Asks: 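Dumping the structure here so I can ask a few things about it.
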Amino acid sequence: MNPYLPIIIILGLGVALGLILSGFAHFLGPRHPTPAKEEIFECGVPTVASRERMSVKFYLTAILFILFDIETVFLFLWAKAFRSLAWFGIVEVAVFVLILVAGYLYVLKTGALEWD
Amino acid sequence: MGLTSSELPFIVDLIATLSKIVVVFLIGLNVPPIMLWVERRVPALMQRRRGPNRVGFFKWRLWGLFQAVADAIKLIFKEEAVPAMANKWFFHLGPVFSVFPAFLVLSAMPFGEYIEVMGYQISLVAVQVNVGFLFILAMAGMAIYGVALSGWASTSKYTLLGALRASAQMISYEIPLGLSLIPIALVYNSLDLTEIVKGQSHFWQWGIFLSPLSFIIFLVCMFAETNRTPFDLAEAESELVVGFHTEYGSTKFAAFFLGEYVSMFALSLLCSILFFGGWHLPLLSRENLINLTGSVNLAALVGVGVLFLKAAFFMFLYVWVRWTVPRFRYDQLMKLGWKFLLPLGLANIAVTAGILALNF
Amino acid sequence: MSDQLVFWGLAGFITLSSVAVVTVRNPVTAAVALVINLFLLAGVYAFQGADFVAAIQIIVYTGAIVVLFLFVIMILNLDPEHLRSPRPRIWEHLVLGVVIAGFAYIGYRFLDSLDVGKVASNRLPDNTYDVAMILFSNYLWPFEIVSILILLAIVGSVAIAKKPK
Amino acid sequence: MPIEYYFSLALVMFLCGVCGVLFRRNILFVLMSIELMLNAVNLVFVSGSTFLKNLDGQIMVFFVITVAACEAAVGLAMVIALFRRYGTIKSEFFRILRG
């Protein structure tokens, strides 16, 4: 029995459940589209669908997320071979993490993570 | 993901796997309605008022449990208004991305060691992934698409900002989540969840005692990953008008609702597996539980019951915290994630590695 | 027999999604096609027994890098019409199709002539432990240089993307 | 499963990436096609390591993923800087360097 059958079946069922739930309303719910319903939700000052740009902070967060995610992944690898690598592994990973902490301190200093 | 194919004969294996998948989906589809009821009943009791107790047949009110059924039916039959300018494809695809990762995480959870049926030992985990909680981190990553796509697809300013904020928050709390799991992997010397629970057979070997700091970080990240209360700014009514799923109507909103509660349940299961000894009773080790109850199956059943009790406690904690703790401001929220939890996680790994290195 | 079926299913969808990444006009659709492509590629790695690599592929690639692409598209917040590249002329599609088909055929013939033989039993045993051991012993220096590379990427991208004072 | 299947799948992915880099004018698509090419390389590494039963291939995949992540991070930083400078990310508008 291919060991991947459970994952493929659950993935398929999950996506099918999502599609059913997502498409259900189209068939079951009443449909009386009025212009008012079609508009997106606006409250307060009626603003034209302006296309102003969002702040770059989100972008910097995403970049730092990737680079620290890679660090987490390498730490998982080290956690797998922790006991047989003993002190040698610890020193090795300590150097790896310290260099990344230097990057982290640079980011803190330049205030890239300051949310206005 | 590195599955170990068991040596059971084909038919038995097939039936076992299919039944386990059915059990996972039964659990997954039953948790949200119950949580819908809990979400209304518990705060009512906290605030000395009576929760929903009107819905019912004749004289069976069952303390308002039918309210959940009534809500579900209402959600299904409501009209769905798709905004005109919305990007149709992703508008419909958004909820799907938030449903299937939750079920995959739930299926990777071990509910027990094994049960013996007709002489075959069947493990109680639907998807035996020996890469362990990396699979769970991967699925947490996929849930971000559900938020981002649905926010972007309904082209209003509010939902776009809500989607950006919600996914930026989920992103910045996924790193401390990953870092908090590493000490557990170091202490129990394995990434596989079943091995970790086997390592916690005695009361003092539980994860919360061996690395308390990673329990704290994990608990905080648990709330942040599912956008629950102290961290639910992206959906806050006062701020962004329910954030990224403002434009979603009936069953699509139910899909987001289902995805959120199933991932909440999966994370509380994970928390009780990693830090509270999974299916082990505090004072009764597994061996004398088996001779006490006579058969392995009964002991496994008790184990599953214990595990679900612990997970139920964490679900109650979600609701309890929701009605007691005020909401974070967005910059406080990001500062906590980046400037406090990340260094704390790294320090926690260093301390754990140091202590474990003493007895090399 | 089931291995062939699984592989050809995955390969078909991977080809479809990678062609979609290149030919589709809306960048978000391209990003979602890339997600599907990477997700199925992780399936191929897991199918071959490289399970740690499959998990890493989903966590880092699908969970972080393509999310960054999605963020940039959402941040730039271009109106869809501007973003939508003009309808590519038909000959572009033709050239694309012919080039891919031609090279694929030539490549396949060449690889077939090598008759390198069967891939060993397609499932390596659980090798996460061995991968970790080799990485931290034989590949010590690349592992340290990778952290310097990440440091440079952090400094570089923060410096470029920050608003000029 | 003969290994040529894996290699030809990687070849098709690589060619899609190359065509994407050549034909697309929007820089975002060029970066995505580069990611596609790097994934084709990863596939060859993994199938090679499975075939030769030598795990070095899988370790190279980690390094390729790290390089791809850094490349995507810096590339998209430049896309944002370009967009702030030119207001568009269509490659045919960047003519300043032309002599």
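Every chain is numbered from 1, with letters handed out A, B, ... down the list of sequences. Everything quoted here is computed from the prediction, not taken from an experiment.
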Asks: By a 4.5 Å heavy-atom criterion (distance strictly below it), what part of D:Tyr5 contacts chain C: side chain, backbone, both, or neither?
Replies: both
Asks: Answer with side chain, backbone, both or neither: which region of D:Glu35 has an atom nearer than 4.5 Å to a non-hydrogen atom of chain C?
Replies: both
Asks: Can you tell me which of D:Asn39, D:Val18, D:Thr66, D:Val21 forms the most heavy-atom pairs within a distance under 4.5 Å of chain C?
Replies: D:Asn39
Asks: Examine C:Phe7 together with D:Tyr6 and report whether their ring centres are nearer than 6.0 Å.
Replies: yes
Asks: Atom CZ in C:Phe143, atom CD1 in D:Ile59: separation rounded to 0.5 Å?
Replies: 11.0 Å
Asks: Where does C:Val44 contact chain D at under 4.5 Å (heavy atoms): side chain, backbone, both or neither?
Replies: side chain
Asks: At what distance, to the nearest 0.5 angstrom, does OG of D:Ser49 lie from OH of C:Tyr45?
Replies: 10.5 Å
Asks: Do you know the tightest heavy-atom contact between D:Cys16 and C:Val22?
Replies: O-CG2, 3.1 Å
Asks: Indicate the atoms forming the closest heavy-atom contact of D:Arg24 with C:Arg25, along with that distance.
Replies: NH2-CA, 3.9 Å
Asks: Under 4.5 Å from any heavy atom of chain C, what part of D:Leu31 do you find: side chain, backbone, both or neither?
Replies: both
Asks: So do C:Tyr139 and D:Phe62 actually touch side chain to side chain, heavy atoms under 4.5 Å?
Replies: no
Asks: What's the spacing between D:Leu55 CG and C:Tyr129 OH if we round to 0.5 Å?
Replies: 13.0 Å
Asks: My understanding is that only one of C:Val66, C:Ile65, C:Leu34 makes a side chain to side chain contact (heavy atoms under 4.5 Å, CB included) with D:Met32; could you say which?
Replies: C:Leu34
Asks: What part of C:Ala159 is in contact with chain D, defined as an atom under 4.5 angstrom from a non-hydrogen atom: side chain, backbone, both or neither?
Replies: neither
Asks: Examine whether an atom of D:Val46 lies under 4.5 Å from a heavy atom of chain C, and if so say whether it belongs to the side chain, the backbone or both; otherwise answer neither.
Replies: both
Asks: So what's closer than 4.5 Å to chain D heavy atoms on C:Val60: side chain, backbone, both or neither?
Replies: side chain
Asks: Using a 4.5 Å cut-off on heavy atoms from C-beta on, say whether the side chain of C:Ile150 contacts that of D:Cys70.
Replies: yes
Asks: Please look at C:Ile154 and chain D and tell me whether the side chain, the backbone, both or neither of the residue comes under 4.5 angstrom of a heavy atom of that chain.
Replies: neither
Asks: Checking heavy atoms, do the side chain of C:Ile14, its backbone, both or neither come under 4.5 Å from chain D?
Replies: side chain
Asks: Please determine, among D:Ile65, D:Val67, D:Leu22, D:Ile80, the option with the most heavy-atom pairs under 4.5 Å with chain C.
Replies: D:Ile65
Asks: Side chain from CB out, backbone as N, CA, C, O: work out which of these in D:Met37 comes under 4.5 Å of a heavy atom of chain C, or both, or neither.
Replies: neither
Asks: With only heavy atoms counted, which part of D:Val79 is less than 4.5 Å from chain C, the side chain, the backbone, both or neither?
Replies: side chain
Asks: Heavy-atom distances under 4.5 Å only: say whether D:Leu43 touches chain C with side chain, backbone, both or neither.
Replies: both
Asks: Would you say D:Phe63 has more than 12 foreign heavy atoms packed within less than 6.0 Å of its CZ?
Replies: yes
Asks: Measure distances from C:Leu41 to the heavy atoms of chain D and classify the residue's part below 4.5 Å as side chain, backbone, both or neither.
Replies: side chain
Asks: Are C:Val21 and D:Phe29 side-chain neighbours, meaning at least one heavy-atom pair lies under 4.5 Å?
Replies: no
Asks: Measure the CD-CG distance between D:Gln58 and C:Asp130 for me, rounded to the nearest 0.5 Å.
Replies: 9.5 Å
Asks: How about C:Val53 and D:Phe45: do any of their side-chain heavy atoms sit closer than 4.5 Å?
Replies: no
Asks: Need one label for C:Tyr61: side chain, backbone, both or neither, based on atoms under 4.5 Å from any heavy atom in chain D.
Replies: side chain
Asks: How long is the gap from CG on D:Leu28 to CD1 on C:Ile73, to the nearest 0.5 Å?
Replies: 5.5 Å
